[in-house]
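One-based numbering, in listed order, for ligands and for the atoms of each. Note that the structure is a prediction, hence the values are computed from the model and not measured.
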Amino acid sequence: MQHYKTSLVDEAATQALGKSLAHCLQVGIVINLHGDLGAGKTALTRAILHAAGHQGTVKSPTYTLAEPYEILVQGQVTKLMHFDLYRMRSPDEFIEAGFRDEMNEQTICIIEWPEKADGILPLPDLEIHFAIIDVGREVELRALSEKGKVCLSQLHFAPNL
Ligand SMILES: Nc1ncnc2c1ncn2[C@@H]1O[C@H](COP(=O)(O)OP(=O)(O)O)[C@@H](O)[C@H]1O
Ligand SMILES: [Mg+2]
């Protein structure tokens, strides 16, 4: 599957999607999150992290731009970097902070506001777009690589559970 679109009627639905996504993560996958402020990018990331075994809080790394976590992926302890690039003034900051090195085969990356690092980020495996609608959110997931396709094909998501 390359493309999946659904609506998320409330925050619980966003959390359910995060939980479903946590089960189809693969080591090294890169997921870009798009959508306005308040669309649900951090809420989704938080749900992924908690479903993947992280027990502490998950705050948006608005000022630090990145926050590292350790999660379990297929029983294996795996590093996950959560980026929020909203406050980045230029893509060079990403390089200067050494973040490019964090994007490697071993590390899962979830990136809010990837637009801010245009031209510097590699193509993601998965792109998730949120749109704020009358009731809830519309979400669209797009696979851009083989890894992304495998992830989407393993996604079992029932929006109203
Ligand atoms: N499907 C949904 N429908 C309605 N509200 C939602 C939904 N998903 C999340 N929310 C709410 O929207 C807000 C999303 O905030 P946040 O995740 O910080 O957004 P972003 O990281 O995209 O700026 C939270 O207040 C959350 O409760
Ligand atoms: Mg956010």
Side-chain angles (χ1 to χ4, degrees), residues 1 3-25 29-71 78-91 93-100 102-103 107-144 148 151-152 154-161:
M1 187 163 65
H3 185 247
Y4 176 69
K5 192 173 175 177
T6 189
S7 55
L8 304 167
V9 290
D10 54 17
E11 178 160 16
T14 301
Q15 287 167 353
L17 177 64
K19 192 173 173 186
S20 304
L21 276 167
H23 294 296
C24 51
L25 288 179
I29 197 168
V30 176
I31 305 177
N32 284 4
L33 303 182
H34 298 269
D36 289 343
L37 277 178
K41 303 181 294 297
T42 301
L44 183 80
T45 306
R46 186 176 293 124
I48 291 174
L49 281 162
H50 284 152
H54 172 69
Q55 290 179 351
T57 56
V58 176
K59 287 192 203 136
S60 200
T62 310
Y63 292 97
T64 51
L65 304 179
E67 188 68 33
Y69 295 91
E70 274 189 349
I71 58 165
T78 302
K79 184 170 179 184
L80 183 151
M81 290 294 291
H82 176 207
F83 293 99
D84 179 349
L85 306 181
Y86 186 67
R87 292 192 184 268
M88 212 167 68
R89 276 149 297 170
S90 106
E93 274 183 55
F94 193 85
I95 304 284
E96 284 157 18
F99 291 155
R100 199 62 183 75
E102 299 282 359
M103 303 194 70
T107 305
I108 294 174
C109 292
I110 299 184
I111 310 176
E112 298 188 42
W113 296 101
E115 301 86 349
K116 301 279 180 175
D118 245 359
I120 290 210
L121 294 180
L123 201 65
D125 298 294
L126 206 62
E127 236 178 42
I128 303 181
H129 292 259
F130 287 91
I132 299 175
I133 53 172
D134 283 351
V135 178
R137 309 284 185 262
E138 201 142 73
V139 69
E140 208 171 332
L141 294 81
R142 220 172 284 145
L144 300 174
C151 176
L152 275 195
Q154 291 174 356
L155 183 72
H156 299 295
F157 176 60
N160 299 314
L161 281 184

- Judged by non-hydrogen atoms, does A13 sit under 4.0 Å from ligand 1? no

Identity and distance of the protein heavy atom lying nearest [atom]:
atom: atom 7 (C) of ligand 1; value: T14 OG1, 3.4 Å
atom: atom 27 (O) of ligand 1; value: E11 OE1, 2.4 Å
atom: atom 19 (O) of ligand 1; value: G40 N, 3.1 Å
atom: atom 18 (O) of ligand 1; value: T42 CB, 3.8 Å
atom: atom 4 (C) of ligand 1; value: R137 NH1, 3.6 Å
atom: atom 13 (C) of ligand 1; value: G38 O, 3.5 Å

- Considering only N, O or S atoms of E112, the one closest to the Mg ion (ligand 2): OE1

- Message: If the cut-off is 2.8 Å, does any N/O/S atom of T45 fall short of it from the Mg ion (ligand 2)?
- Response: no

Counting from 1, what ligand 1 atoms have a heavy atom of [X] closer than 4.0 Å?
X: K41; result: 17 (O), 19 (O), 20 (P), 21 (O), 22 (O), 23 (O)
X: L8; result: 1 (N), 2 (C), 3 (N)
X: A43; result: 17 (O)

- Task: Please state which part of R46 comes within less than 4.0 Å of ligand 1, counting heavy atoms only: side chain, backbone, both or neither.
- Result: neither

- Query: What part of D36, side chain, backbone, both or neither, has a heavy atom within less than 4.0 angstrom of ligand 1?
  - Reply: backbone

- Message: Between ligand 1 and L37, is the shortest N or O to N or O distance under 3.5 Å?
- Response: no

- Message: So, regarding G136 and ligand 1 (criterion: nitrogen or oxygen to nitrogen or oxygen, under 3.5 Å), is there a contact or not?
- Response: no

Enter the distance from [X]:[atom1] to [Y]:[atom2] here, rounded to the nearest 0.5 Å.
X: E96; Y: M88; atom1: CD; atom2: CE; value: 10.0 Å
X: E115; Y: L121; atom1: CD; atom2: CG; value: 9.5 Å
X: N32; Y: H129; atom1: CG; atom2: NE2; value: 8.5 Å

- Any side-chain donor paired with an acceptor under 3.5 Å for Q154 and H23? no

- Message: Do E112 and Y86 have side chains that approach each other closer than 4.5 Å (heavy atoms only, starting at C-beta)?
- Response: no

- Close side-chain approach of H54 and L80, heavy atoms under 4.5 Å: no

- Query: Would you call the rings of F94 and F99 parallel, tilted or perpendicular if under 30° counts as parallel and over 60° as perpendicular?
  - Reply: perpendicular

- Message: What verdict does the side-chain contact (heavy atoms from CB on, under 4.5 Å) test give for D125 and C151, after you've listed the backbone C-alpha separation in whole Å, the side-chain angles of each residue and the deciding distance to 0.1 Å?
- Response: CA-CA 9 Å; D125 298 294; C151 176; over 6 Å; no

- Message: side-chain contact (heavy atoms from CB on, under 4.5 Å) for L141 and L155? Distances and angles first, verdict last.
- Response: CA-CA 11 Å; L141 294 81; L155 183 72; 4.2 Å; yes

- Item | Test applied, side-chain contact (heavy atoms from CB on, under 4.5 Å); reference residue, I31; option that passes from I111, I108, T45, L126 | L126

- Message: Check K79 with E102, please: is the shortest side-chain N to carboxylate O separation under 4.0 Å?
- Response: yes

- Distance below 4.0 Å between atom 24 (C) of ligand 1 and any protein heavy atom? no

